[in-house]
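Convention: sequence-line order gives letters A, B, ...; per-chain numbering from 1. Computed from a predicted model, the values in this text were never measured in an experiment.
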Amino acid sequence: MATFLRPGEKRPGAFGITFDLDAGSTQALPVFNKNERLALEEQRRRLPAFQHRREILYLVEHHATTVIVGETGSGKSTQIPQYLLEAGWCSDGRMVACTQPRRVAVMTVAARVAEEAGSVLGQTVGYGIRFEDVTTPGVTKIRFCTDGVLMREMFEDPLLTQYSVVMVDEAHERSLATDTLLGLLKKVQRRRPDLRIIVASATLEADKVVSFFDTSTVRGPKALPSDTMRKPALLSIEGRTHSSQIHYLERPCSDYVRAAVQTASDIHREDAPGDILIFLTGQQECEDAVALLEEEARKVRQGKARLRMAPAALYAGLPAAAQLAAFEPAPRGYRKIVVATNIAETSVTIEGVCFVVDCCFAKQTAYNPLTGLGSLLVAPISRASAAQRAGRAGRLRPGHCFRLCTEADFQQLAEATVPEMQRSELASTVLQLKALGVDNMMAFDWLAPPPAETMVRALELLHALGALGADARLTSPLGQHLAELPVDPRLGRALLASGELGCAEEVLTIVAMLSVQSVWLSPHGQRKALDAAKSKFAVGEGDLVSGLNAWHAWQESGRLGKWAHHHFLNHRTLLRAADIRAQLTHHLRRLGIPIRSSEGDVISVQKALTAGLFMNAVQLSETTVDLQNPSSSGINVYKMLHSSGPGEAPKLRVHASSVLARTRPQYLLFWQVQQSSSGWYEMQDVTAVEADWLPEAAPHVFQRIGARAHIQ
DNA sequence: AGGTGACAG
């Protein structure tokens, strides 16, 4: 049910979090007017986008693609779909789609637009995200959805015939799904000359999108009637945020956590009131900084500062209750200091921030196609990203941003972040494109082409999984089924195998748990207690089976939040895993996969996992002395069994978070690896396996390797 | 003996 707020009333988000609305309209304006609709109209007219209403409509009518650069607060996300509706783009029963990269954004923008359009959410204005389709066929005219949902819709309706206009919002973020969707839309446009595409972006880079969609210079048969139509239009809309004053360090700092704490303390002592937002890279850093700030706060209290410091950490893994502190206004007499990861760059907005302290680093995915291993690395951010962070200070009044690097070093940073498409593993993306009829990956029109080796790796994996045949075409039914399942193809393969092995109940749970962030809480300074909690469920088969045990115990508790918390499990994450599990169960039923329980036969579960993860199999190769800790019993080094790349074989070890960290099984499967600062690849979510299961699960890959493994 | 950036289906 949609709740309506009085105009100007502040919208409380979930858990008290206020999410981005990309509209100046989030500002609380006191409105003393009985006629709510009139007040809303007035608010709409005040948005910068309103000045461009006629121009936008003209451009969309005359150009197949329109690129709109609109800063935050311009109202582009909420207003443009309504302009299109008002101008008649939905009069023939078709809809206007507006995609967002995030679920919360879809929900909040849809709610706002429904309110402005006088619609109950799900009627004229609706939305679609995973698990939730709040639209009414035949009634809904404007549909907000995640870009992933729209792409999935193309499986059923490849030409998106339900829509007259598709607006892709926040395109500057260049997420995997956004880039893929833009490539597909360009393809659809050739067959649907009537389709209009709007690409909305917050910053620069617009030229790239313009030339990408420009078909006026392409030779050969033309899909679009005129050169005007073929040439994308470009329009800029000014925003409504204040600019921030930027400050740089005079000399580089060696420890940005300490530097950030120092800077925040200085601001606190010397500057006007206003909350501080610190950007660091990870959970540990955030918690360390909070601890240092608390120490500092005790000192300041003894001084004569009028305000006191109220530090709070904020990262995605933090349970909802603990996140509250970061979003609630600081108590009277306190200055809130939020120490956040990248989550605060785009996903959530903290009101009242006037100062940003930016370490100018972030953890980013990196993929090495030579080894086939992806990993997380702390890397310098781009200038575009830094600008976005700085902008987080200017929502209330002109703010200040303190970058923890020198100005000269800052100028060395890349202009924009490398698109995710060029630094990710792409098996899932390639599989989906294949399912949508893109036969030649190399010839696909990528907005940013991924490295050829990455595509080769993806094709190789999909081939090994049986999703692609020798002709590199999607196999039927296996490849089609894997494309339809909303999970990584490796996990999809494990699910399908579990049907044959009679353990789908168990593998469904494991796959659902791998589809969410870690279900384990990691409260600061309570590592021992967490270990104790984890060890209650730990078994020698590894982390996935241990997780399965924890899940079963949670089920037996009646899915109690209190129980979960007591056992250091994140209840919210478990509930989301339960949703995913239900959705996957539904898919398996539809595919006719028998859903049975292994009844305690763990080996069948391990074998099903082997069927999906065999490319991630490793063998214990040696035990070396730990140079950082010579008194320890040494490091167990693993090598990948399947590694066709030309590079040096990567050395792997079990991540310390694993239940198998202190054991030394001969053969393991891992789900993911992380590169530690000391250069090791650390395997997370590992499962112990027997060597014979590998050739059994994937004879085409493991015949030789399997034999060699036996000889040893 | 030692720890998990942010998203999406």
Side-chain angles (χ1 to χ4, degrees), chain A residues 99-106 128-132 145-155 170 173-181 279-287 314-318 340-348 361-366 375-379 381 385 417 420 424 428-429 431-432 483-489 491-492 515-524 526-528 530-531 534 543 570 573 576 579-580 583-584 587 626 628-636 653-658 661-662 671-678 682 684-685:
Chain A
T99 72
Q100 299 286 332
R102 278 172 294 280
R103 299 154 52 87
V104 275
V106 168
I129 56 177
R130 188 180 194 177
F131 306 127
E132 261 186 278
C145 59
T146 49
D147 29 30
V149 161
L150 194 68
M151 217 170 84
R152 291 261 154 199
E153 271 177 34
M154 294 178 78
F155 285 160
E170 311 289 350
E173 288 186 23
R174 303 298 303 274
S175 75
L176 211 52
T178 303
D179 266 28
T180 314
L181 184 62
F279 282 101
L280 296 176
T281 73
Q283 169 181 343
Q284 192 64 52
E285 284 177 9
C286 292
E287 297 287 3
L314 178 66
Y315 44 87
L318 204 63
T341 60
N342 239 356
I343 192 172
E345 187 177 311
T346 50
S347 301
V348 294
F361 283 89
K363 282 193 182 171
Q364 295 179 338
T365 44
S375 54
L376 274 179
L377 286 175
V378 175
I381 59 173
S385 184
T417 310
E420 225 183 339
S424 313
S428 200
T429 303
L431 180 62
Q432 282 176 49
E484 281 168 37
L485 288 169
V487 288
D488 182 283
L491 299 181
S515 301
V516 295
Q517 293 204 319
S518 170
V519 295
W520 296 101
L521 294 172
S522 46
H524 194 56
Q526 295 189 55
R527 210 168 64 193
K528 283 214 166 122
L530 170 68
D531 280 352
K534 249 183 161 176
D543 300 298
N570 189 330
T573 310
R576 177 155 166 84
D579 277 347
I580 291 173
Q583 188 192 31
L584 293 172
H587 272 99
D626 185 352
Q628 288 173 349
N629 192 359
S631 63
S632 76
S633 55
I635 301 171
N636 298 319
R653 63 194 270 192
V654 177
H655 193 279
S657 65
S658 169
R662 271 149 284 173
W671 170 232
Q672 49 190 0
V673 291
Q674 193 188 315
Q675 207 167 358
S676 74
S677 50
S678 48
E682 300 186 324
Q684 297 174 324
D685 301 314

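- Rounded to an integer number of Å, the gap from CG of A/Asp147 to C1' of B/dC7 is 9 Å.
- Comparing B/dG5, B/dA8, B/dC7 by their nearest atom to the side chain of A/Arg103 picks out B/dA8.
- Every side-chain hydrogen bond (donor to acceptor under 3.5 Å, both in side chains) that A/Thr178 has, sequence neighbours left out, goes to A/Asp147, A/Ser175.
- Considering only side-chain atoms of A/Ala316, the nucleotide from B/dT4, B/dA6, B/dG9 that sits closest is B/dA6.
- The CG atom of A/Leu280 sits 13 Å away from the P atom of B/dA6 (whole-angstrom rounding).
- Across B/dG9, B/dA6, B/dG3, the shortest atom-to-atom separation from the side chain of A/Leu530 is found for B/dG3.
- Counting only heavy atoms from C-beta on, A/Arg102 has its side chain closest to B/dA8 among B/dG9, B/dA8, B/dG3.
- Checked by atom type, the side-chain pair A/Ser658/A/Gln684 shows no donor-acceptor distance below 3.5 Å.
- Side chain of A/Lys363, nearest nucleotide from B/dG9, B/dA6, B/dT4: B/dT4.
- For A/Ser175, no side-chain nitrogen or oxygen approaches OP1 or OP2 of B/dA8 to under 4.0 Å.
- Closest approach to the A/Gln684 side chain among B/dA6, B/dG3, B/dT4 is made by B/dT4 (side chain taken as heavy atoms from C-beta onward).
- Look at A/Gln284 and you won't find any side-chain N or O under 4.0 angstrom from OP1 or OP2 of B/dG5.
- Residues A/Gln517 and A/Arg576 bring no donor and acceptor atom of their side chains to less than 3.5 Å of each other.
- Side-chain atoms of A/Arg152 lie closest to B/dG9 of the nucleotides B/dC7, B/dG9, B/dG5.
- Residue A/Thr146 has its side chain nearest to B/dA8 when only B/dC7, B/dA8, B/dT4 are considered.
- Summarising the geometry, the separation between CZ on A/Arg130 and P on B/dC7 is reported as 15 Å, rounded to the nearest angstrom.
- Here the C1' atom of nucleotide B/dA6 and the CD atom of A/Gln283 are 14 Å apart, to the nearest Å.
- Across all their heavy atoms, A/Glu173 and A/Thr346 have their closest contact at OE2-CG2, 3.7 Å.
- Of all nucleotides listed (B/dG3, B/dC7, B/dA6), B/dA6 comes nearest to the side chain of A/Asn342.
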